[in-house]
Amino acid sequence: MGITSIPSSTTMFPMPQEVLKQNREVVIAEEIGRARVLTLNRPNHLNFISGKMALMLGQKFEKYEKDDNAEFVIIKGAGRTFSAGGDLKVIYNSRNTRDSCLEAVYRIYWLCYHIHTYKKPHIALVHGMSMGGGASLMVPMKFSVVTEKAFCSTPETSLGFHPDCGFSYMLSRLPGRLGEYLGLTGVKLKGKEVVAAGLATHFVPSQKLFQLEKRLLSLNNGEEDAIKSVIDEFSTNVHVDERSVLNKLSIINDCFSGESVEEIVDSFEAEAGKKGNDWIIPVLKSLKKASPIGLKITLRSIREGRTQTLSECLRREFRITINTLRTIISDDFYEGIRAIVIAKDKSPKWNPSTLDKVHDEQLDLIFKPFEQHDLELQTPIKEEECRWGGKYENSGYCLLTN
């Protein structure tokens, strides 16, 4: 249903619970003047990205890019969370059914490519949690706005997984070795830190977010300069606290430039013993508790991402994800979900249990391209190829099941 005027506060950010209950769509799409607004609408489930949500987002982004009347897109989350990423309980409950989550995984990776390469300005308004795959809907936006209550992290290694949905591309392009640090440790960045790290473009105090959105929706055109001018008006300069990890980049660069995870851990541990480095101790503890195979996959993935294109990174990450879900060499991902999300005992039994038991030959199996090329993630390799081709419906996977 199209809306041609600025909506009342019941459809603006934040959206009241009574309105959410009335609208069961996982994505609420609104057409407001020249703007198109997409609201992730699973507030009682941390706006987890389901297969249906990925499908709807892909359909809407494609429609709006082709629509001459749509000049820019805004994406936000209903409730107190932007998005916590993939629905881990669904993944865990489907663990005994081969490829039960494959369609959802394919759709979100395909969507990530098109968000990165979108032809019109898009804006993320982020308030609250933005983690893992959820953050992949924020970071690539032309404009990504965070508040003081926003936080961003890639906590996958604690679950026996890897930063995915394009994060090997995004993390590898952060200053120095910050990407390796964030990817391996899963450390949270809050508010202004997200902007300072390069994972968002603007910081806007939460009390101004409603008015910012209202002003954006009143724009008569979607020119980037006009959008930036409005956001700049509401944003504040970013100065991170002196205790922020972003002020420890010299140590991070030294430690996380190691050739292997073992070298990184040893170097980081040596720094922890020095005066003034107490901040390292809890981070090091978390690092040592993470899945050994998750850590090694993550480091290799980020390092390979430094020299690869976006499409190459997404195709590789897609392979890693599918092979991980298929437990090609380990069931660590399911064990991590069990320990952190299901049983909540926080005592995962990793396999292999230590870093020295994870061998390159095992990693090669996870990274290896599929024997059938049409089973790879299908994204345009050259600009002249079909912009919105490569959908799941046209993939080798769909053809196999029909």
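Here the structure is a predicted model, which means the values were calculated and not measured. The basis for the numbers below is simple: all heavy atoms, side chains too, and nothing from hydrogens, waters or symmetry mates.
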Problem set entry | salt bridge (charged side-chain N to carboxylate O under 4.0 Å, His left out) between Lys349 and Glu335, worked out | CA-CA 7 Å; Lys349 305 297 186 290; Glu335 173 60 10; 5.5 Å; no
Check whether any side-chain heavy atom of [X] sits under 4.5 Å from a side-chain heavy atom of [Y], and report yes or no.
X	Y	answer
Arg326	Arg98	yes
Lys89	Val341	yes
Arg319	Lys368	no
Val126	Val194	no
Leu310	Tyr113	yes
Leu171	Pro163	yes
Lys296	Leu363	yes
Lys285	Ile281	no

Minimum heavy-atom separation for [X] and [Y], please, with both atom names.
X	Y	answer
Glu148	Ser206	OE2-OG, 2.5 Å
Asp332	Pro352	OD2-O, 4.5 Å
Ala104	Gly51	CB-CA, 3.6 Å
Ser172	Ser168	OG-O, 2.8 Å
Gly160	Ser291	CA-CB, 3.3 Å
Ile293	Ile329	CD1-CD1, 3.0 Å

Results of ring pair (Phe, Tyr, Trp, His ring centres under 6.0 Å) for [X] - residues two or more places apart only:
X	answer
His162	none
His114	Trp110, Trp388
Phe161	Phe333
Phe61	Tyr118

Heavy-atom donor-acceptor pair, [X] side chain to [Y] backbone, under 3.5 Å:
X	Y	result
Asp331	Thr327	no
Glu224	Gly222	no
Ser100	Ser94	yes
Ser136	Gly133	yes

Spatial distance of atom [atom1] ([X]) from atom [atom2] ([Y]) [nearest 0.5 Å]:
X	Y	atom1	atom2	answer
Glu269	Ile280	CD	CD1	10.5 Å
Leu102	Leu325	CG	CG	8.5 Å
Leu299	Thr157	CG	OG1	11.0 Å
Leu314	His116	CG	NE2	6.0 Å
Ser301	Glu156	OG	CD	10.5 Å
Ile108	Leu57	CD1	CG	7.0 Å

Are [X] and [Y] within salt-bridge range, i.e. N to O under 4.0 Å?
X	Y	result
Glu62	Lys66	yes
Asp232	Lys228	yes
Arg107	Glu393	yes
Arg42	Asp87	yes

For this session: Test side chain to side chain contact (heavy atoms under 4.5 Å, CB included) on Glu304 and Glu312 and set out the steps.
Result: CA-CA 10 Å; Glu304 289 190 6; Glu312 289 170 335; over 6 Å; no
For this session: Begin with the C-alpha distance, continue with both residues' side-chain angles, and end with the deciding distance and a verdict on salt bridge (charged side-chain N to carboxylate O under 4.0 Å, His left out) for Asp67 and Arg36.
Result: CA-CA 10 Å; Asp67 182 0; Arg36 300 296 180 264; 3.5 Å; yes
Exercise. Looking just at side-chain N and O atoms, do Thr117 and Arg387 make a donor-acceptor pair shorter than 3.5 Å?
Worked result: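 There is such a pair between these side chains.
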Exercise. Can you tell me if Asp356 and Thr354 form a side-chain donor-acceptor pair at under 3.5 Å?
Worked result: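 Asp356 vs Thr354: donor-acceptor pair found between side chains.
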Just jot down the side chain to side chain donor-acceptor pair (under 3.5 Å) partners of [X], sequence neighbours excluded, or say none.
X	result
Thr236	none
Glu71	none
Asp164	Tyr109
Glu271	Lys274, Asn277

Exercise. Is there any side chain to side chain donor-acceptor pair (under 3.5 Å) pair reaching into residues 183-201, and which pairs are they, with sequence neighbours excluded?
Worked result: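 Every pair satisfying side chain to side chain donor-acceptor pair (under 3.5 Å) with a residue in residues 183-201: Glu193-Ser244.
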Problem set entry | His202 and Phe143 aromatic ring geometry - parallel, tilted or perpendicular at 30°/60° bounds |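 Plane angle between 30° and 60°, so tilted.
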Problem set entry | Glu223 atom CD: more than 12 heavy-atom contacts under 6.0 Å |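 No, not enclosed.
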For this session: Would you sort out whether Asp364 and Arg300 count as a salt bridge (charged side-chain N to carboxylate O under 4.0 Å, His left out), showing the intermediate values?
Result: CA-CA 10 Å; Asp364 291 342; Arg300 177 167 166 178; 2.9 Å; yes
Exercise. Under the side chain to side chain contact (heavy atoms under 4.5 Å, CB included) test, which residues partner Asn237, sequence neighbours left out?
Worked result: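 Counting only residues at least two positions away or on another chain, Asn237 forms a side chain to side chain contact (heavy atoms under 4.5 Å, CB included) with His239.
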For this session: Apply side chain to side chain contact (heavy atoms under 4.5 Å, CB included) to Asp225 and list each qualifying residue two or more places apart in sequence or on a separate chain.
Result: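 Listed in chain order: nothing, the list is empty.
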For this session: Go through the steps for Asp345 and Arg338 under the test salt bridge (charged side-chain N to carboxylate O under 4.0 Å, His left out), then give the verdict.
Result: CA-CA 8 Å; Asp345 56 40; Arg338 182 207 64 78; 2.7 Å; yes
Show me the donor-acceptor pairs within less than 3.5 Å that the side chains of residues 176-183 make with the rest of the protein, sequence neighbours left out.
from: Arg177; atom 1: NH1; to: Glu180; atom 2: OE2; distance (Å): 2.9
from: Glu180; atom 1: OE1; to: Arg306; atom 2: NH2; distance (Å): 2.8
from: Glu180; atom 1: OE2; to: Arg303; atom 2: NE; distance (Å): 2.8
from: Glu180; atom 1: OE2; to: Arg306; atom 2: NE; distance (Å): 3.4
from: Glu180; atom 1: OE2; to: Arg306; atom 2: NH2; distance (Å): 3.0

For this session: Check whether NZ of the Lys or CZ of the Arg Arg315 lies under 6.0 Å from the centre of the six-membered ring of Phe318 and within 45 degrees of that ring's axis.
Result: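 Not satisfied by the 6.0 Å and 45° rule.
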